[in-house]
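Note on naming: letters A, B, ... go to the chains in the order of the sequence lines (proteins, then strands), and numbering restarts at 1 for each one. These figures come from a predicted structure and were not determined experimentally.
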There are 2 protein chains.
Amino acid sequence: MLNSKSPVPLYHQLADILTERIRSGEYSPGQMIPSEISLAKQYGIGRPTVRQAMDTLVRKGLIHRRRGAGTFVKRPEAKVDLFSLAGTSQAFLTQGIRPGRKMISPLCLKTVEGDPENPFNGHRAFFLSRLTLAQDRPILVEDIFLDAELFLGLDKIDLRDKSLSRVVMDHYYLKPENGVQTFKVEALSGTRAKLLGLTRKDPVLVVKREINFPDAPGAVYSVLFCRTDTFAFSQTIPGEVS
Amino acid sequence: MLNSKSPVPLYHQLADILTERIRSGEYSPGQMIPSEISLAKQYGIGRPTVRQAMDTLVRKGLIHRRRGAGTFVKRPEAKVDLFSLAGTSQAFLTQGIRPGRKMISPLCLKTVEGDPENPFNGHRAFFLSRLTLAQDRPILVEDIFLDAELFLGLDKIDLRDKSLSRVVMDHYYLKPENGVQTFKVEALSGTRAKLLGLTRKDPVLVVKREINFPDAPGAVYSVLFCRTDTFAFSQTIPGEVS
DNA sequence: CAGTGGTCTAGACCACTAT
DNA sequence: TAGTGGTCTAGACCACTGA
């Protein structure tokens, strides 16, 4: 089941296996999952390695541990965690909602100008803009800027039906280190208002997000324009893991 | 230096020591901190224990590791992380901004009614409302609800000049496990508009936050009404730790 | 090359839970 | 009491960095 020759660490492989079993329902909410010792024996690995795998699931909020009792699958949260670093489509998929997507501006290289808040201001960057719908209603416009040098060749990749964060991970082997986002309430411009089915001057939630990668701070910058009247945007904030 | 008889785990003690050295500037940004092996020898503990301590610092964003090179103190982030679980005053303090506070409704027991989104709806709960100012400008009104049974005796505690999250930690030994918050853009009621120096119907950012404690989900619920025109609200999102 | 962090093992003792 | 998670040790091998 586990491949110790793989470059993927054992604890990561095990974490993936357990995650899949939870997502598929094999381990259902409230149920106890096999103990650390039994998993260690079953897979022929050490208990610390099992713990390391479970640590990641605890941080993701999939399980919780009760000393003396066991480890249990958490009941899934009721809301859409939109503001995580994993990417917007991932946020919807974890809820069983399939978001609709409409490209507004296809990926292109462009020079960013007149936007001092944009870390790419004055430089060339990849740019795309897209609309997200839920249950056929427009809820979100995303402008995304990506570092032109770091993501060299991005315009050669077919992005249709692919998660942008997956492309970044699989093609460039880049995993977000952390991010900073700021929240504002702003009035919409005319063109964006039309896309979201609103009138100009309707206020929306504007989220500006900067994502940092190892040795490449701010390599992705995105601006989200969110309708909040038909859909509640939410996020889960992890606590500290013991 | 470390006390192995203490009920506080060794890795936690070491994490506190290292955190303090970073906060005090003894280890300054960019500087390499002692290697895991040297710390293990110095404190007479195992290397995995040192790693466990450093893991927490990585998750807090205080340090980052570079394989083959060492572990380094990160440069502090530039913005105010308002939407963390640590509490609002903590968010300002880490930036050197001393927020002004004005109590609107002092702590009292009240029965929550007519608010289906409030987890305390139909029950009695502690309630308080306060205004936060930055640089003498109103920026934030907070309504806070706390579980009446869990925080029994809270009304006997002098809350002036104390962080609410500190009181919860120090008096009730409760550490937030995680939280869920939802974001909306809403128009203000007349009374709150006045407090924030706005006119009625001015849209503000409304954040509803539910904080979960071990064995006490949703024991704290708060609603934040935020002006976003004079002050940008931001947060840092941690990535996954390897 | 020596030193670093990344991973992993095979144990150990403890506090706690359920029965 | 048996089984669980929480902590900790003493080692090991590897990939990687920097001199």
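Of all heavy-atom pairs between Ala148(B) and Leu109(B), the closest is CB-CD2, 3.8 Å.
Atom CZ in Phe72(A) sits roughly 12 Å away from atom P in dT17(C) (whole-Å rounding). Remark: C1' of dT7(C) and CG of Leu14(A) are 14 Å apart, rounded to the nearest angstrom. In this entry the distance linking CG of Leu10(A) with P of dT9(C) reads 6 Å, nearest Å. In this structure, the CD1 atom of Ile63(A) is 14 Å from the C1' atom of dT4(D), given to the nearest Å. Between Lys5(B) atom NZ and dC13(C) atom C1' there is a gap of 14 Å when expressed in whole angstrom units. In this structure, His12(B) atom NE2 and dC8(D) atom P are separated by 11 Å, rounded to whole Å. Distance, His64(B) NE2 to dT4(C) C1': 13 Å, rounded to whole Å. Rounded to an integer number of Å, the gap from CD of Gln13(B) to P of dG6(D) is 18 Å.
A heavy-atom distance below 4.5 Å is not found between the side chains of Leu62(B) and Lys74(B). Between Leu146(B) and Phe127(B) there is no side-chain heavy-atom pair separated by less than 4.5 Å.
Checked for salt-bridge contact, Arg65(B) and Asp55(B) meet the test: a charged N lies under 4.0 Å from a carboxylate O.
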* Under the side chain to side chain donor-acceptor pair (under 3.5 Å) rule, what do Thr49(A) and Gln52(A) come out as? Steps first, then yes or no, please. => CA-CA 5 Å; Thr49(A) 307; Gln52(A) 203 174 354; 5.3 Å; no

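For the pair Arg209(B) and Tyr221(B), the cation does not sit on the ring face, since its NZ or CZ is not both under 6.0 Å from the ring centre and inside 45° of the axis.
Across residues 33-49 of chain B, Ser35(B), Glu36(B), Arg47(B) each have a non-hydrogen atom less than 4.0 Å from an atom of DNA chain C (numbered order).
Ring to ring, Phe183(A) and Phe183(B) are close: their centroids are under 6.0 angstrom apart.
An OP1 or OP2 oxygen of dG6(D) is reached within less than 4.0 angstrom by a side-chain nitrogen or oxygen of Arg65(A). Between dC8(C) and Tyr11(A), no contact under 4.0 Å exists linking OP1 or OP2 to a side-chain N or O.
No contact: Ser4(A) has no heavy atom under 4.0 Å from any strand.
For Pro9(A) and Gly68(A), each mapped to the nucleotide of DNA chain C holding its nearest heavy atom, the one lying further toward the 5' end belongs to Pro9(A).
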